[in-house]
Protein chains: 2
Amino acid sequence: MREHLIAAPLPTIRRIPRYLNVLEDFAAEQISFVSATDIANKLGLKPIQVRKDMAFTGIVGKPKVGYKTDELIETIKSFLGWDSATDAFLIGAGALGTALLGYRGFAERGLQIVAAFDIDPKKIGTRIHGKEVFPISKMAELAKRMQVHIGVLTVPAESASQCAHALMDAGITGIWNFSPAELDVPESMTVQREDLSAGLAVLSVRMSEKKQGIV
Amino acid sequence: MREHLIAAPLPTIRRIPRYLNVLEDFAAEQISFVSATDIANKLGLKPIQVRKDMAFTGIVGKPKVGYKTDELIETIKSFLGWDSATDAFLIGAGALGTALLGYRGFAERGLQIVAAFDIDPKKIGTRIHGKEVFPISKMAELAKRMQVHIGVLTVPAESASQCAHALMDAGITGIWNFSPAELDVPESMTVQREDLSAGLAVLSVRMSEKKQGIV
DNA sequence: TAGATTGTTAATCGATTAACAATC
DNA sequence: TAGATTGTTAATCGATTAACAATC
(Lines give C-alpha, C1' and ligand atoms only; values in the text may rest on other atoms or scores of the structure.)
Protein backbone atom coordinates (compact mmCIF):
# COMPACT_ATOMS: atom_id res chain seq x y z
CA MET A 1 0.00 0.00 0.00
CA ARG A 2 1.28 3.41 -0.96
CA GLU A 3 1.83 5.88 1.85
CA HIS A 4 -0.61 8.76 1.92
CA LEU A 5 0.78 11.69 -0.05
CA ILE A 6 2.61 14.09 2.22
CA ALA A 7 4.29 17.41 1.39
CA ALA A 8 7.54 16.68 -0.45
CA PRO A 9 10.84 17.87 1.08
CA LEU A 10 12.38 20.91 -0.54
CA PRO A 11 15.44 19.02 -1.90
CA THR A 12 13.08 16.56 -3.55
CA ILE A 13 11.12 19.33 -5.25
CA ARG A 14 14.34 20.84 -6.56
CA ARG A 15 15.50 17.52 -8.03
CA ILE A 16 12.25 16.71 -9.79
CA PRO A 17 12.79 19.07 -12.77
CA ARG A 18 16.11 17.30 -13.40
CA TYR A 19 14.27 14.00 -13.57
CA LEU A 20 11.91 15.57 -16.06
CA ASN A 21 14.85 16.65 -18.24
CA VAL A 22 16.36 13.18 -18.49
CA LEU A 23 12.94 11.58 -18.92
CA GLU A 24 12.32 13.76 -21.94
CA ASP A 25 15.65 12.61 -23.34
CA PHE A 26 14.62 8.98 -22.78
CA ALA A 27 11.25 9.63 -24.41
CA ALA A 28 12.98 11.18 -27.42
CA GLU A 29 14.96 7.94 -27.76
CA GLN A 30 11.69 5.96 -27.74
CA ILE A 31 12.60 4.27 -24.47
CA SER A 32 9.19 3.46 -23.07
CA PHE A 33 10.16 2.16 -19.60
CA VAL A 34 12.85 3.55 -17.30
CA SER A 35 14.03 2.38 -13.89
CA ALA A 36 15.17 4.54 -10.98
CA THR A 37 18.67 3.26 -11.76
CA ASP A 38 18.50 4.54 -15.34
CA ILE A 39 17.57 8.01 -14.11
CA ALA A 40 20.08 8.02 -11.26
CA ASN A 41 22.94 7.10 -13.59
CA LYS A 42 22.24 10.05 -15.86
CA LEU A 43 22.33 12.45 -12.91
CA GLY A 44 25.03 10.96 -10.71
CA LEU A 45 22.51 10.21 -7.97
CA LYS A 46 21.66 7.01 -6.10
CA PRO A 47 18.69 4.90 -7.30
CA ILE A 48 17.17 4.78 -3.83
CA GLN A 49 16.99 8.57 -3.74
CA VAL A 50 15.27 8.70 -7.12
CA ARG A 51 12.81 6.01 -6.00
CA LYS A 52 11.97 7.89 -2.80
CA ASP A 53 11.55 11.17 -4.67
CA MET A 54 9.28 9.53 -7.23
CA ALA A 55 6.99 8.26 -4.49
CA PHE A 56 6.14 11.88 -3.63
CA THR A 57 4.78 12.50 -7.13
CA GLY A 58 2.31 9.65 -6.71
CA ILE A 59 3.67 7.59 -9.61
CA VAL A 60 3.31 3.81 -9.34
CA GLY A 61 5.97 1.69 -11.01
CA LYS A 62 6.17 -1.97 -11.93
CA PRO A 63 8.68 -4.23 -10.14
CA LYS A 64 11.33 -5.52 -12.55
CA VAL A 65 10.17 -3.11 -15.26
CA GLY A 66 10.39 0.39 -13.83
CA TYR A 67 8.17 3.33 -14.68
CA LYS A 68 6.36 3.96 -17.95
CA THR A 69 8.26 6.92 -19.39
CA ASP A 70 5.29 8.84 -20.76
CA GLU A 71 3.21 8.25 -17.67
CA LEU A 72 6.05 9.41 -15.40
CA ILE A 73 6.53 12.58 -17.45
CA GLU A 74 2.84 13.37 -17.18
CA THR A 75 2.75 12.59 -13.46
CA ILE A 76 5.72 14.86 -12.77
CA LYS A 77 4.29 17.69 -14.86
CA SER A 78 1.02 17.41 -13.03
CA PHE A 79 2.80 17.27 -9.65
CA LEU A 80 4.65 20.49 -10.49
CA GLY A 81 1.57 22.10 -12.00
CA TRP A 82 3.43 22.34 -15.31
CA ASP A 83 0.73 20.57 -17.28
CA SER A 84 -1.18 23.76 -17.90
CA ALA A 85 0.14 27.28 -18.52
CA THR A 86 0.02 29.80 -15.69
CA ASP A 87 0.12 33.48 -16.55
CA ALA A 88 2.64 35.76 -14.86
CA PHE A 89 3.74 39.39 -14.82
CA LEU A 90 7.33 40.53 -14.95
CA ILE A 91 8.30 43.61 -12.97
CA GLY A 92 11.49 45.40 -13.96
CA ALA A 93 12.32 45.41 -17.66
CA GLY A 94 16.07 45.86 -17.22
CA ALA A 95 18.79 43.58 -18.52
CA LEU A 96 17.79 40.52 -16.52
CA GLY A 97 14.07 41.16 -17.01
CA THR A 98 14.60 41.43 -20.76
CA ALA A 99 16.53 38.16 -20.78
CA LEU A 100 13.75 36.38 -18.92
CA LEU A 101 11.10 37.87 -21.22
CA GLY A 102 12.96 36.28 -24.11
CA TYR A 103 13.56 32.91 -22.48
CA ARG A 104 11.61 30.27 -24.34
CA GLY A 105 12.09 27.58 -21.73
CA PHE A 106 9.36 28.91 -19.42
CA ALA A 107 6.58 27.87 -21.78
CA GLU A 108 7.36 24.16 -21.39
CA ARG A 109 7.48 24.68 -17.63
CA GLY A 110 3.99 26.06 -17.42
CA LEU A 111 4.92 29.71 -17.06
CA GLN A 112 3.62 32.29 -19.48
CA ILE A 113 4.84 35.85 -18.96
CA VAL A 114 2.02 37.93 -20.39
CA ALA A 115 3.10 41.48 -19.60
CA ALA A 116 5.95 43.54 -18.19
CA PHE A 117 5.92 46.53 -15.83
CA ASP A 118 8.47 49.26 -15.26
CA ILE A 119 8.77 52.78 -13.88
CA ASP A 120 10.91 54.10 -16.74
CA PRO A 121 8.62 56.26 -18.98
CA LYS A 122 10.86 55.51 -21.97
CA LYS A 123 10.11 51.80 -21.68
CA ILE A 124 6.39 52.11 -21.07
CA GLY A 125 4.34 51.39 -24.16
CA THR A 126 7.17 49.57 -25.91
CA ARG A 127 7.25 45.83 -26.53
CA ILE A 128 10.06 43.54 -25.40
CA HIS A 129 10.11 40.11 -27.01
CA GLY A 130 6.51 40.76 -27.95
CA LYS A 131 5.36 41.64 -24.43
CA GLU A 132 4.01 45.11 -23.75
CA VAL A 133 5.54 47.20 -20.97
CA PHE A 134 3.02 48.91 -18.66
CA PRO A 135 3.40 51.42 -15.83
CA ILE A 136 3.26 49.85 -12.38
CA SER A 137 0.12 51.86 -11.64
CA LYS A 138 -1.75 49.66 -14.14
CA MET A 139 -0.79 46.44 -12.43
CA ALA A 140 -3.71 46.01 -10.04
CA GLU A 141 -6.29 46.55 -12.75
CA LEU A 142 -4.58 44.23 -15.24
CA ALA A 143 -3.93 41.51 -12.65
CA LYS A 144 -7.61 41.46 -11.80
CA ARG A 145 -8.73 41.45 -15.41
CA MET A 146 -6.21 38.84 -16.57
CA GLN A 147 -6.44 36.71 -13.41
CA VAL A 148 -2.69 36.82 -12.86
CA HIS A 149 -1.32 35.59 -9.52
CA ILE A 150 2.43 35.32 -10.11
CA GLY A 151 5.00 38.10 -10.34
CA VAL A 152 8.57 37.72 -11.56
CA LEU A 153 10.54 40.43 -9.79
CA THR A 154 13.64 41.65 -11.63
CA VAL A 155 14.10 45.13 -10.22
CA PRO A 156 17.18 46.52 -8.40
CA ALA A 157 17.37 45.93 -4.64
CA GLU A 158 16.36 49.53 -3.88
CA SER A 159 12.96 49.23 -5.57
CA ALA A 160 12.20 45.67 -4.52
CA SER A 161 10.19 46.20 -1.36
CA GLN A 162 8.16 48.98 -2.97
CA CYS A 163 7.37 46.71 -5.92
CA ALA A 164 6.53 43.83 -3.61
CA HIS A 165 3.96 46.08 -2.01
CA ALA A 166 2.47 46.94 -5.39
CA LEU A 167 2.31 43.22 -6.21
CA MET A 168 0.48 42.55 -2.97
CA ASP A 169 -2.00 45.33 -3.69
CA ALA A 170 -2.57 43.83 -7.12
CA GLY A 171 -3.59 40.54 -5.54
CA ILE A 172 -0.48 38.66 -6.64
CA THR A 173 0.11 35.70 -4.31
CA GLY A 174 3.40 34.30 -5.60
CA ILE A 175 6.63 36.22 -6.17
CA TRP A 176 9.67 34.84 -7.93
CA ASN A 177 12.24 37.23 -6.51
CA PHE A 178 15.41 37.73 -8.56
CA SER A 179 16.50 40.77 -6.56
CA PRO A 180 18.88 40.35 -3.65
CA ALA A 181 16.48 42.24 -1.38
CA GLU A 182 14.62 40.64 1.51
CA LEU A 183 10.90 41.06 0.98
CA ASP A 184 8.65 41.66 3.94
CA VAL A 185 5.30 40.26 2.83
CA PRO A 186 2.41 38.59 4.66
CA GLU A 187 2.34 34.85 5.32
CA SER A 188 -0.35 34.40 2.72
CA MET A 189 2.11 35.19 -0.07
CA THR A 190 4.70 32.74 -1.39
CA VAL A 191 8.14 34.15 -2.16
CA GLN A 192 10.79 32.14 -3.96
CA ARG A 193 14.23 33.76 -3.79
CA GLU A 194 16.40 33.18 -6.82
CA ASP A 195 19.60 34.41 -5.34
CA LEU A 196 22.64 34.52 -7.59
CA SER A 197 24.82 35.46 -4.61
CA ALA A 198 24.05 32.17 -2.90
CA GLY A 199 25.15 30.19 -5.93
CA LEU A 200 28.29 32.24 -6.36
CA ALA A 201 29.11 31.77 -2.66
CA VAL A 202 28.83 28.00 -3.00
CA LEU A 203 31.06 28.01 -6.09
CA SER A 204 33.64 30.24 -4.40
CA VAL A 205 33.81 28.23 -1.19
CA ARG A 206 33.83 24.86 -2.96
CA MET A 207 36.68 25.93 -5.21
CA SER A 208 38.79 27.21 -2.35
CA GLU A 209 38.06 24.10 -0.25
CA LYS A 210 39.18 21.96 -3.17
CA LYS A 211 42.32 24.03 -3.61
CA GLN A 212 43.16 23.77 0.07
CA GLY A 213 42.22 20.12 0.18
CA ILE A 214 39.79 20.61 3.08
CA VAL A 215 36.84 18.82 1.52
CA MET B 1 37.87 27.51 22.99
CA ARG B 2 36.67 27.84 19.44
CA GLU B 3 36.11 24.58 17.56
CA HIS B 4 38.58 23.90 14.81
CA LEU B 5 37.26 25.22 11.49
CA ILE B 6 35.45 22.52 9.58
CA ALA B 7 33.85 22.70 6.11
CA ALA B 8 30.61 24.67 6.38
CA PRO B 9 27.31 22.98 5.48
CA LEU B 10 25.82 23.97 2.14
CA PRO B 11 22.76 25.72 3.65
CA THR B 12 25.11 27.81 5.78
CA ILE B 13 27.16 28.88 2.76
CA ARG B 14 23.98 29.90 0.95
CA ARG B 15 22.79 32.03 3.88
CA ILE B 16 26.06 33.88 4.37
CA PRO B 17 25.61 36.31 1.45
CA ARG B 18 22.27 37.33 2.99
CA TYR B 19 24.05 38.15 6.23
CA LEU B 20 26.49 40.26 4.23
CA ASN B 21 23.60 42.20 2.67
CA VAL B 22 22.04 43.16 5.99
CA LEU B 23 25.43 43.88 7.54
CA GLU B 24 26.15 46.37 4.80
CA ASP B 25 22.82 48.02 5.57
CA PHE B 26 23.78 48.20 9.26
CA ALA B 27 27.19 49.62 8.36
CA ALA B 28 25.54 52.27 6.19
CA GLU B 29 23.51 53.30 9.24
CA GLN B 30 26.73 53.64 11.26
CA ILE B 31 25.75 50.78 13.56
CA SER B 32 29.13 49.52 14.71
CA PHE B 33 28.07 46.42 16.66
CA VAL B 34 25.37 43.89 15.73
CA SER B 35 24.11 40.83 17.53
CA ALA B 36 22.96 37.56 16.00
CA THR B 37 19.45 38.61 17.02
CA ASP B 38 19.69 41.86 15.04
CA ILE B 39 20.66 39.94 11.91
CA ALA B 40 18.11 37.18 12.46
CA ASN B 41 15.26 39.68 12.82
CA LYS B 42 16.06 41.29 9.48
CA LEU B 43 15.96 37.92 7.72
CA GLY B 44 13.20 36.12 9.57
CA LEU B 45 15.67 33.54 10.91
CA LYS B 46 16.44 32.36 14.44
CA PRO B 47 19.36 33.93 16.31
CA ILE B 48 20.85 30.55 17.17
CA GLN B 49 21.09 29.67 13.49
CA VAL B 50 22.86 32.94 12.70
CA ARG B 51 25.26 32.36 15.60
CA LYS B 52 26.07 28.82 14.42
CA ASP B 53 26.58 29.99 10.85
CA MET B 54 28.86 32.80 11.97
CA ALA B 55 31.08 30.33 13.82
CA PHE B 56 31.98 28.74 10.48
CA THR B 57 33.40 32.02 9.18
CA GLY B 58 35.81 32.17 12.11
CA ILE B 59 34.46 35.45 13.51
CA VAL B 60 34.77 35.95 17.28
CA GLY B 61 32.10 38.04 18.97
CA LYS B 62 31.86 39.71 22.35
CA PRO B 63 29.29 38.43 24.87
CA LYS B 64 26.65 41.08 25.59
CA VAL B 65 27.88 43.23 22.70
CA GLY B 66 27.71 41.13 19.57
CA TYR B 67 29.99 41.33 16.55
CA LYS B 68 31.87 44.37 15.31
CA THR B 69 30.03 45.22 12.09
CA ASP B 70 33.06 46.12 9.98
CA GLU B 71 35.07 43.17 11.22
CA LEU B 72 32.23 40.77 10.50
CA ILE B 73 31.82 42.14 6.98
CA GLU B 74 35.54 41.66 6.33
CA THR B 75 35.54 38.17 7.86
CA ILE B 76 32.60 37.08 5.72
CA LYS B 77 34.11 38.52 2.54
CA SER B 78 37.35 36.75 3.24
CA PHE B 79 35.50 33.49 4.04
CA LEU B 80 33.73 33.68 0.69
CA GLY B 81 36.85 34.78 -1.15
CA TRP B 82 35.06 37.98 -2.10
CA ASP B 83 37.76 40.25 -0.70
CA SER B 84 39.73 40.18 -3.93
CA ALA B 85 38.50 40.10 -7.51
CA THR B 86 38.61 36.80 -9.40
CA ASP B 87 38.57 36.91 -13.19
CA ALA B 88 36.05 34.81 -15.11
CA PHE B 89 35.01 34.05 -18.68
CA LEU B 90 31.43 33.99 -19.89
CA ILE B 91 30.48 31.44 -22.52
CA GLY B 92 27.34 32.09 -24.55
CA ALA B 93 26.57 35.71 -25.31
CA GLY B 94 22.81 35.26 -25.73
CA ALA B 95 20.07 37.04 -23.81
CA LEU B 96 21.01 35.69 -20.39
CA GLY B 97 24.75 36.00 -21.05
CA THR B 98 24.28 39.61 -22.09
CA ALA B 99 22.31 40.32 -18.92
CA LEU B 100 25.04 38.83 -16.75
CA LEU B 101 27.74 40.74 -18.64
CA GLY B 102 25.91 43.93 -17.71
CA TYR B 103 25.23 43.01 -14.10
CA ARG B 104 27.17 45.35 -11.85
CA GLY B 105 26.60 43.35 -8.69
CA PHE B 106 29.30 40.79 -9.46
CA ALA B 107 32.12 43.25 -8.87
CA GLU B 108 31.27 43.62 -5.18
CA ARG B 109 31.09 39.85 -4.92
CA GLY B 110 34.59 39.30 -6.17
CA LEU B 111 33.72 38.23 -9.69
CA GLN B 112 35.09 40.05 -12.69
CA ILE B 113 33.92 38.83 -16.08
CA VAL B 114 36.80 39.77 -18.35
CA ALA B 115 35.77 38.28 -21.70
CA ALA B 116 32.93 36.53 -23.48
CA PHE B 117 32.94 33.61 -25.92
CA ASP B 118 30.44 32.54 -28.53
CA ILE B 119 30.16 30.48 -31.68
CA ASP B 120 28.08 33.02 -33.61
CA PRO B 121 30.45 34.74 -36.14
CA LYS B 122 28.26 37.85 -36.06
CA LYS B 123 28.94 38.32 -32.35
CA ILE B 124 32.65 37.60 -32.46
CA GLY B 125 34.74 40.76 -32.36
CA THR B 126 31.91 42.88 -30.97
CA ARG B 127 31.80 44.23 -27.44
CA ILE B 128 28.93 43.64 -25.02
CA HIS B 129 28.85 45.92 -21.99
CA GLY B 130 32.48 46.66 -22.76
CA LYS B 131 33.59 43.02 -22.87
CA GLU B 132 34.98 41.63 -26.11
CA VAL B 133 33.43 38.50 -27.61
CA PHE B 134 35.94 35.87 -28.77
CA PRO B 135 35.54 32.59 -30.65
CA ILE B 136 35.59 29.53 -28.42
CA SER B 137 38.74 28.34 -30.18
CA LYS B 138 40.63 31.20 -28.53
CA MET B 139 39.59 30.22 -25.01
CA ALA B 140 42.47 27.92 -24.05
CA GLU B 141 45.09 30.41 -25.09
CA LEU B 142 43.40 33.35 -23.35
CA ALA B 143 42.67 31.37 -20.17
CA LYS B 144 46.32 30.50 -19.90
CA ARG B 145 47.52 34.02 -20.60
CA MET B 146 44.99 35.74 -18.32
CA GLN B 147 45.13 33.08 -15.59
CA VAL B 148 41.36 32.56 -15.65
CA HIS B 149 39.93 29.56 -13.78
CA ILE B 150 36.17 30.26 -13.71
CA GLY B 151 33.66 29.95 -16.54
CA VAL B 152 30.09 31.26 -16.46
CA LEU B 153 28.13 29.00 -18.81
CA THR B 154 25.09 30.61 -20.42
CA VAL B 155 24.66 28.52 -23.55
CA PRO B 156 21.58 26.51 -24.61
CA ALA B 157 21.29 22.95 -23.26
CA GLU B 158 22.34 21.46 -26.60
CA SER B 159 25.76 23.12 -26.59
CA ALA B 160 26.45 22.82 -22.88
CA SER B 161 28.42 19.58 -22.73
CA GLN B 162 30.51 20.57 -25.73
CA CYS B 163 31.32 23.91 -24.10
CA ALA B 164 32.08 22.23 -20.78
CA HIS B 165 34.65 20.15 -22.62
CA ALA B 166 36.21 23.26 -24.11
CA LEU B 167 36.33 24.82 -20.65
CA MET B 168 38.09 21.77 -19.30
CA ASP B 169 40.62 21.86 -22.12
CA ALA B 170 41.23 25.52 -21.34
CA GLY B 171 42.19 24.63 -17.78
CA ILE B 172 39.06 26.13 -16.22
CA THR B 173 38.39 24.45 -12.86
CA GLY B 174 35.10 26.04 -11.81
CA ILE B 175 31.91 26.25 -13.87
CA TRP B 176 28.87 28.32 -12.93
CA ASN B 177 26.32 26.48 -15.02
CA PHE B 178 23.19 28.43 -15.99
CA SER B 179 22.14 25.87 -18.59
CA PRO B 180 19.68 23.15 -17.64
CA ALA B 181 22.06 20.51 -18.98
CA GLU B 182 23.84 17.95 -16.79
CA LEU B 183 27.59 18.36 -17.24
CA ASP B 184 29.79 15.30 -17.19
CA VAL B 185 33.14 16.62 -15.98
CA PRO B 186 35.96 15.12 -13.92
CA GLU B 187 35.97 15.24 -10.11
CA SER B 188 38.70 17.84 -10.15
CA MET B 189 36.30 20.44 -11.54
CA THR B 190 33.70 22.27 -9.46
CA VAL B 191 30.30 22.78 -11.05
CA GLN B 192 27.66 24.99 -9.52
CA ARG B 193 24.24 24.54 -11.12
CA GLU B 194 22.10 27.67 -11.22
CA ASP B 195 18.90 26.02 -12.16
CA LEU B 196 15.90 28.24 -12.79
CA SER B 197 13.68 25.17 -13.16
CA ALA B 198 14.37 24.14 -9.57
CA GLY B 199 13.31 27.54 -8.26
CA LEU B 200 10.20 27.59 -10.42
CA ALA B 201 9.30 24.08 -9.22
CA VAL B 202 9.53 25.18 -5.59
CA LEU B 203 7.36 28.23 -6.27
CA SER B 204 4.78 26.17 -8.15
CA VAL B 205 4.52 23.43 -5.54
CA ARG B 206 4.48 25.86 -2.61
CA MET B 207 1.68 27.88 -4.15
CA SER B 208 -0.45 24.85 -4.88
CA GLU B 209 0.19 23.42 -1.40
CA LYS B 210 -0.92 26.73 0.08
CA LYS B 211 -4.02 26.78 -2.09
CA GLN B 212 -4.94 23.23 -1.11
CA GLY B 213 -4.12 23.88 2.52
CA ILE B 214 -1.61 21.01 2.70
CA VAL B 215 1.06 23.39 3.98
C1' DT C 1 26.22 44.29 39.57
C1' DA C 2 22.60 42.26 36.60
C1' DG C 3 21.37 41.25 32.17
C1' DA C 4 22.37 40.10 27.59
C1' DT C 5 24.91 37.67 24.37
C1' DT C 6 28.47 34.56 22.95
C1' DG C 7 30.29 29.78 21.99
C1' DT C 8 29.82 24.92 22.96
C1' DT C 9 27.74 20.65 24.02
C1' DA C 10 23.42 17.96 23.80
C1' DA C 11 18.81 16.98 21.91
C1' DT C 12 15.77 17.06 18.20
C1' DC C 13 14.32 17.00 13.70
C1' DG C 14 14.34 15.87 8.89
C1' DA C 15 16.58 13.90 4.81
C1' DT C 16 19.29 10.26 2.97
C1' DT C 17 20.58 5.64 2.72
C1' DA C 18 20.12 0.68 3.77
C1' DA C 19 17.55 -3.52 4.16
C1' DC C 20 14.18 -6.44 2.55
C1' DA C 21 9.60 -8.42 1.46
C1' DA C 22 6.46 -8.18 -2.46
C1' DT C 23 5.99 -8.92 -7.26
C1' DC C 24 6.10 -8.77 -12.41
C1' DT D 1 11.28 -19.86 -12.83
C1' DA D 2 15.02 -16.63 -11.38
C1' DG D 3 16.38 -12.11 -11.29
C1' DA D 4 15.49 -7.38 -11.10
C1' DT D 5 13.05 -3.64 -9.43
C1' DT D 6 9.50 -1.56 -6.72
C1' DG D 7 7.65 0.39 -2.26
C1' DT D 8 8.03 0.41 2.68
C1' DT D 9 10.04 0.19 7.11
C1' DA D 10 14.31 0.91 9.78
C1' DA D 11 18.95 2.89 10.43
C1' DT D 12 22.07 6.45 9.65
C1' DC D 13 23.59 10.84 8.81
C1' DG D 14 23.63 15.78 8.95
C1' DA D 15 21.45 20.22 10.01
C1' DT D 16 18.69 22.79 13.17
C1' DT D 17 17.35 23.99 17.62
C1' DA D 18 17.73 23.96 22.69
C1' DA D 19 20.21 24.39 26.92
C1' DC D 20 23.56 26.51 29.52
C1' DA D 21 28.11 27.96 31.33
C1' DA D 22 31.31 31.73 30.38
C1' DT D 23 31.81 36.58 30.10
C1' DC D 24 31.75 41.60 28.90
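Letters go in sequence order (proteins before strands), and every chain restarts at 1. Given the structure is predicted, the values throughout are model-derived calculations rather than measurements.
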Measure the distance from [atom1] on [X] to [atom2] on [N] and round it to the nearest whole Å.
| X | N | atom1 | atom2 | answer |
| --- | --- | --- | --- | --- |
| B/K64 | D/dA21 | NZ | P | 20 Å |
| A/I59 | D/dT6 | CD1 | P | 11 Å |
| B/L72 | C/dT5 | CG | P | 16 Å |
| B/F33 | D/dC24 | CZ | C1' | 11 Å |
| A/M54 | D/dG7 | CE | P | 10 Å |

N/O (side chain, A/Y67) to phosphate O (OP1/OP2, D/dG7) under 4.0 Å: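 Looking at the OP1 and OP2 atoms of D/dG7, one of them is under 4.0 Å from a side-chain N or O of A/Y67.
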Below 4.0 Å: OP1/OP2 of D/dT6 and any side-chain N or O of A/R51: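 A/R51 to D/dT6 OP1/OP2: side-chain N or O found under 4.0 Å.
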Flag side-chain contact, heavy atom, 4.5 Å: A/K68 against A/K62: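 Answer no - side chains too far apart.
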Sugar-phosphate, base or nothing in reach of B/K62, heavy atoms under 4.0 Å: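 If one applies the 4.0 Å heavy-atom cut-off, B/K62 turns out to touch the sugar-phosphate alone, with no base involved.
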State the [atom1]-[atom2] distance between [X] and [Y], to the nearest 0.5 angstrom.
| X | Y | atom1 | atom2 | answer |
| --- | --- | --- | --- | --- |
| B/W82 | B/E74 | CH2 | CD | 13.5 Å |
| B/D184 | A/L43 | CG | CG | 11.0 Å |
| A/I16 | B/S204 | CD1 | OG | 11.5 Å |

Any strand: nucleotide that pairs with D/dA21 via Watson-Crick or wobble, under 3.5 Å: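 Its partner is C/dT6.
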Ring pair (Phe, Tyr, Trp, His ring centres under 6.0 Å) between A/F89 and A/W176, intermediate numbers included: CA-CA 10 Å; A/F89 285 163; A/W176 200 5; over 10 Å; no
All N/O contacts under 3.5 Å from nucleotides 11-16 of chain D to the protein, with atom names and distances to one decimal?
residue : atom : partner : partner atom : Å
D/dT16  : OP1  : B/R15   : NH1          : 3.0
D/dT16  : OP1  : B/R15   : NH2          : 3.4
D/dT16  : OP2  : B/R15   : NH2          : 3.2

Of the listed nucleotides D/dA19, C/dA18, C/dC24, the one nearest the side chain of A/I48: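 The closest nucleotide is C/dA18.
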NZ or CZ of A/K42 within 45° of A/Y19 ring axis and under 6.0 Å: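 The answer is no; the distance or angle limit is not met.
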